Amino acid sequence: MADSSLSSNNSSSSLRDLTHTENMSAASQLVHWREPKKSAAAFGLSLLVLLSLATLSVISVVSYLLLACLCVTITFRVYKSVIQAVQKSDEGHPFRSLLERDISVSSESVRQLADQFLIHLNWFSNQTRRLLLVEDLVDSLKLAAVTWVMTYVGAVFNGVTILILADIIFFTTPLIYQKKKAQIDRHVEAVRLKLEETLQSLQDKLPGAVKKTKVE
């Protein structure tokens, strides 16, 4: 009985890992433009929504999106009905395959999402505690530097503008990296070494009692 329960748990865990891997693979293919049509559609739609949010309210954006979708589907539905009437065919509803598709969310999918959310939440909580309580002095200094820079970023850009820039970077960076991989890797390595030297020199100048970055 115990072996059966253990086997069931292992199967469930393997299924969750497989699903998570498949989702990550799909996202990676989308970002790396493995299928240009899908990537272009995702990039264009996300950018359009963010640009709309920059000028309109959330309610207006949602309303316009639903209205545009309804205009397309109603027009197509009427068009297909007219074509069927003229040709006297009996093809049925043009969206029948989509209407008959099962889109219900299973309890297993909910559990998978909950498990993934819990993993990320625990990681975030541990990292936040570690950084704010200065378990590692260098990492806490890095966080302080990043937050200091973000104060200037926040003074120049609002949240939607940052999301627009992030969306553009998210979809364009992989293409640029593929074309200039060797050159980018060389510059990134040089910056990383320079940063490590700066942090090491800063840590060497600290008093002996403070230099100990890890909590024993």
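Worth saying up front: this structure is predicted, and the values here are computed from it rather than measured.
Ile164 and Tyr64 end up in the same hydrophobic cluster when Ile, Leu, Val, Met, Phe, Trp and Tyr side chains are linked at under 4.5 Å. With hydrophobic clusters built from ILVMFWY side chains whose heavy atoms lie under 4.5 angstrom apart, Ile162 does not share a cluster with Val160. In terms of hydrophobic clustering, with Ile, Leu, Val, Met, Phe, Trp and Tyr side chains grouped at heavy-atom distances under 4.5 Å, Val149 and Val146 are assigned to a common cluster. No single ILVMFWY cluster, assembled from side-chain heavy atoms under 4.5 Å apart, contains both Leu143 and Val153. Under the 4.5 Å side-chain contact rule for hydrophobic residues, Leu53 and Phe170 share a cluster.
The environment of CZ in Arg192 is crowded: more than 12 heavy-atom neighbours from other residues, nucleotides or ligands sit within 6.0 Å.
Taking both residues in full, the closest heavy atoms of Ser140 and Arg130 are given as OG-O, 4.3 Å, listed atom of the first, atom of the second, then distance.
Going from atom CG of Leu137 over to atom NZ of Lys142 covers 11.0 Å, rounded to the nearest 0.5 Å. Rounding to the nearest 0.5 Å places CZ of Phe124 at 13.0 Å from CZ of Arg129. Distance check, rounded to the nearest 0.5 Å: CZ of Phe76 to CD1 of Ile83 gives 10.0 Å. Taking CG of Asn158 as the reference point, atom CG of Leu163 lies at 9.0 Å (rounded to 0.5 Å). Between atom OG1 of residue Thr147 and atom CG of residue Leu131 there is a gap of 10.5 Å, rounded to the nearest 0.5 Å. Rounded to the nearest 0.5 angstrom, Arg111 CZ and Leu118 CG are separated by 14.5 Å.
You'll find the side chain of Leu48 reaches within 4.5 Å of the side chain of Ser52, heavy atoms only. A 4.5 Å side-chain heavy-atom check between Ser63 and Leu67 finds every atom pair outside the cut-off.
Side-chain atoms of Ser81 and Arg77 include a donor-acceptor pair closer than 3.5 Å.
Checked by atom type and distance alone, the side chain of Thr73 pairs as donor or acceptor with a backbone atom of Leu70 at under 3.5 Å.
Ring geometry, Trp148 versus Tyr152: the interplanar angle exceeds 60°, so the pair is classed perpendicular (tilted spans 30 to 60°).
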